[in-house]
Amino acid sequence: MAQSVRVRFAPSPTGYLHVGGARTALFNWLFARQHDGVFILRIEDTDLQRSSEAMVQGILDGMQWLGLEPDEGPFFQSSFLEQHRAAAHRLIEAGKAYYDFTPKRETDDRTVKEKIVERAIAQEQSGKHANPYRDLPVSEALERVASGEPAAIRLKTPVSGVSRFNDEVYGPQEREYSEIEDLVLVRSDGHPLYNLSVVVDDIQMRISHVIRGMDHLTNTHKQVLIYQALGAELPVFAHLPLIFAPGREKLSKRKHGEVVSVTTYRDRGFVADALVNFLALLGWSPGDDQELLSRGLLIEKFSLEQVNKAAAVFNFKESDARDWTDPKALWMNGEYIKSMPLGQLTPMVSEFLKRAGLWRPEYEAEEAPWFAHMVDLLRARYRTLIDFGELGRPYFADDFEYEPAAIKKNLKDDKLKELLPELASRWTSLTEFSHESTEAALRSLAEEAAVKPGLLINAARTALTGQSVGPGMFEIAVTLGKERSVERLKRAIHVM
RNA sequence: GCCGCUAUAGUGUAAGUGGUUAACACGCCGCCCUCUCAAGGCGGAGACUACGGGUUCGAGUCCCGUUAGCGGUACCA
């Protein structure tokens, strides 16, 4: 019987979707789609105080935008608390777990890391299974619990031997049982802990493949122990390499800001497919040179065997406004903008024009063909959708700024003070305002004035758009139309 | 501290079972396109495959060690 594929993405409700989390979600999603499986979203909200409606929404928004919507869920781990507790009690009854009456250690103000190390060093002497309550008769323990004495529930891990499991990415994993302490399953206040909860939920949801970040790799041994104690079959484990910030440090919103949040990419003009494509290549490759991969191709080509083991660095310069995120992601987004079907692009552009206050309803009515043509003209040199509303302003509105550098480069020649108005009047008298006619008029004027055509062409470009770069100048003029072009040629005199 | 994972140009990745001058993309630099460029075309620089030992006729690819980075180690997730 072929086992059906069921995978899950299980983020904490942090308020936003982290690019690392998005990559994990994506790999799960690709794997599910490829195997006609089920992709489940489960919010790990057992850290009760930190979770709220709003904290979950950011994650949902990010996933929806990326097109990674779950087939089942979102489920909330907190709603399964009773099942987690029940599982722990079953283990107590089976003698596989025990009540620990040791008073809870007081937390002090040192860092967590320091405390962990100190504790671990102390345990080095005593051994990890030296808990005095480990072998207390169950009946006695039950009596003490019944009398109201607080107790945590710990798993009895084997004293000697080796834990083994196979990871689809990292290969065979081994760990001495003596290295694994009797982990706490349920806190003395009755609250189930992470390791227990994930395992119980994954069993309950019949998860076939656990695909998650490799920060969970060593703890997987603990979870394997729980699966075994519960008598459940192990899922397939596949851990993914982490994604770092430049300098190989942890990529965090606190330290690195908005670049880590998926919705930032949506708001700053990314095409969802482009970000998906970029993310897919962080830690995975199809094995050949192809990098521009549609969703369909990703689903077809994805495989856990091709997942890389080394962490990937997400490369960006925090100071650079133009390269605010990984340059390759920006490049890839540009590739999507210039090659996607125009009919898909125009609605995206209109979204950003609305945001920039440049939208006119005519663009989706009688001027739709004009709008599509203009977008098509511009898209070759834009990298994000935001560019249409910012760099593209002169193409969609009459009030725009002249870039000082462009003025300096193209409008500083004194002769232009006469030539530009003259060009304006020649264009005015044109009966047909076409690429050919505008160009012929300009070139003959240049010849008469004994200046290079380039001087006039570049000057006209800056007069028409305020910029020094852009599409072919005659294309711009024709698309802008005779009236606006002439008007702008005249207006330019004021900034020269 | 202990345990584990990883290690190919600045970054992302290639180089099935060891076999010519380590490949591709992004980025960077230059040239061309004489209508610009943040577009396009062409080219270039950039890696003694972390370091040190082996095994082998031959290793980025196998073995051992070292170092570094990261992860885990909690009544956090």
Side-chain angles (χ1 to χ4, degrees), chain A residues 10-12 14 44-47 50 77 100 102-105 107 112-113 115-121 123-124 128 150-154 167 170 173-176 178-181 183-189 191 193-195 197-198 213-222 239 241-242 244 246-250 278 281-292 306 308-316 322-323 326-332 334 338 379-383 387 391 406 409-410 439 442 452-458 460-462 467-475:
Chain A
S12 307
T14 49
E44 312 263 293
D45 61 343
T46 47
D47 187 355
R50 224 156 320 183
Q77 189 156 66
D100 179 5
T102 310
K104 188 182 173 188
R105 306 179 100 243
T107 51
V112 184
K113 172 70 180 169
K115 269 159 46 192
I116 291 170
V117 171
E118 181 184 292
R119 222 183 82 106
I121 292 170
Q123 251 183 5
E124 216 89 322
K128 302 218 182 223
I153 299 176
R154 283 183 188 271
D167 188 272
Y170 288 94
Q173 300 295 310
E174 286 189 7
R175 203 175 172 199
E176 296 279 344
S178 60
E179 293 292 336
I180 307 171
E181 73 168 338
L183 60 141
V184 173
L185 265 17
V186 180
R187 290 207 300 230
S188 49
D189 65 4
H191 197 84
L193 256 24
Y194 173 74
N195 284 119
S197 299
V198 244
M214 82 83 81
D215 48 337
H216 292 281
L217 188 63
T218 41
N219 277 336
T220 301
H221 285 103
K222 294 179 178 174
H239 288 87
L242 300 180
F244 291 146
R248 304 206 149 263
E249 59 182 8
K250 195 170 173 183
F278 175 76
L281 263 17
L282 241 34
W284 174 82
S285 95
D288 56 32
D289 286 343
Q290 201 176 352
E291 295 198 298
L292 264 9
Q306 284 291 334
N308 209 42
K309 294 189 190 60
V313 172
F314 191 66
N315 197 25
F316 59 91
R322 182 170 152 74
D323 285 334
D326 194 307
K328 191 155 186 172
L330 254 4
W331 164 79
M332 192 167 275
K338 67 186 64 163
R379 67 168 164 169
R381 35 183 63 71
Y382 288 170
R383 298 189 307 175
D387 289 338
L391 292 171
K409 184 180 177 211
N410 294 330
E439 180 163 5
L442 181 143
K452 288 200 282 189
L455 178 76
L456 263 185
I457 292 172
N458 288 322
R461 181 201 323 287
T462 299
Q467 298 169 0
S468 63
V469 305
M473 196 281 287
F474 300 107
E475 283 296 318

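All values below were derived from every heavy atom in this structure, side-chain atoms included, with hydrogens, water molecules and symmetry-related copies excluded. A, B, ... follow the sequence lines: proteins, then strands. Residue 1 opens every chain. Small disclaimer: the values here were computed from a predicted structure and weren't measured.
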How far does the [atom1] atom of [N] sit from the matching atom of [M], given to the nearest Å?
N: B/rC26; M: B/rG44; atom1: P; result: 15 Å
N: B/rG43; M: B/rG58; atom1: C1'; result: 34 Å
N: B/rG41; M: B/rC24; atom1: P; result: 16 Å
N: B/rU55; M: B/rC42; atom1: P; result: 48 Å
N: B/rA59; M: B/rC31; atom1: C1'; result: 40 Å
N: B/rU49; M: B/rA7; atom1: P; result: 15 Å
N: B/rC51; M: B/rG10; atom1: P; result: 13 Å
N: B/rG46; M: B/rA22; atom1: P; result: 13 Å

Nearest-Å distance, [atom1] ([X]) to [atom2] ([N])?
X: A/D288; N: B/rG16; atom1: CG; atom2: C1'; value: 14 Å
X: A/L183; N: B/rG72; atom1: CG; atom2: C1'; value: 13 Å
X: A/N195; N: B/rA74; atom1: CG; atom2: P; value: 10 Å
X: A/H221; N: B/rC3; atom1: NE2; atom2: C1'; value: 10 Å
X: A/Q467; N: B/rC35; atom1: CD; atom2: P; value: 20 Å
X: A/I121; N: B/rC3; atom1: CD1; atom2: C1'; value: 13 Å
X: A/E439; N: B/rC35; atom1: CD; atom2: P; value: 9 Å

Taking donor-acceptor contacts at under 3.5 Å, does the side chain of [X] reach the base of [N]?
X: A/T218; N: B/rC3; answer: no
X: A/K328; N: B/rA25; answer: yes
X: A/R175; N: B/rC3; answer: no
X: A/R248; N: B/rC70; answer: no

- Message: Wobble G-U and Watson-Crick pairs count when both distances are under 3.5 Å; given that, what is the 5' to 3' dot-bracket string of RNA chain B, with | for pairing to other strands?
- Response: (((((((..((((.....[...)))).(((((.......))))).....(((((..]....))))))))))))....
Please determine, for the side chain of [X], which listed nucleotide ([options]) has the closest atom?
X: A/S285; options: B/rA14, B/rG71, B/rC5; result: B/rA14
X: A/Y170; options: B/rG72, B/rU6, B/rG12; result: B/rU6
X: A/A120; options: B/rG1, B/rA38, B/rC75; result: B/rG1
X: A/R461; options: B/rC35, B/rG40, B/rA74; result: B/rC35
X: A/L282; options: B/rC75, B/rG12, B/rC70; result: B/rG12
X: A/L217; options: B/rU13, B/rA38, B/rC5; result: B/rC5
X: A/R154; options: B/rA77, B/rU13, B/rC75; result: B/rC75
X: A/K250; options: B/rG71, B/rA74, B/rU36; result: B/rG71
X: A/R381; options: B/rC37, B/rC75, B/rG12; result: B/rC37
X: A/K222; options: B/rU73, B/rA7, B/rG4; result: B/rU73

- Query: Does a side-chain N-to-carboxylate-O contact under 4.0 Å join A/R119 and A/E181?
  - Reply: yes
- Task: Considering only NZ, NE, NH1 and NH2 on the basic side and carboxylate oxygens on the acidic side, decide whether A/D323 and A/K328 come within less than 4.0 Å.
- Result: no
- Side-chain contact, heavy-atom cut-off 4.5 Å: A/T220 with A/H239? yes
- Task: Give one of base, sugar-phosphate or nothing for A/R322, where a contact means two heavy atoms less than 4.0 Å apart.
- Result: base
- Roughly how far, to the nearest 0.5 Å, is CG of A/L193 from CG of A/L183? 8.5 Å
- Carefully, step by step, assess A/R383 and A/R322 under the rule side chain to side chain contact (heavy atoms under 4.5 Å, CB included). CA-CA 10 Å; A/R383 298 189 307 175; A/R322 182 170 152 74; 3.3 Å; yes
- List the atom of A/T46, the atom of A/H191, and the distance in Å for their closest heavy-atom pair. O-NE2, 2.9 Å
- Verify, without hydrogens or angle tests, whether A/T462 (side chain) and A/N410 (backbone) share a donor-acceptor contact under 3.5 angstrom. no
- Task: Taking atom NZ of A/K250 as the centre, report whether more than 12 heavy atoms of other residues, nucleotides or ligands fall under 6.0 Å from it.
- Result: no
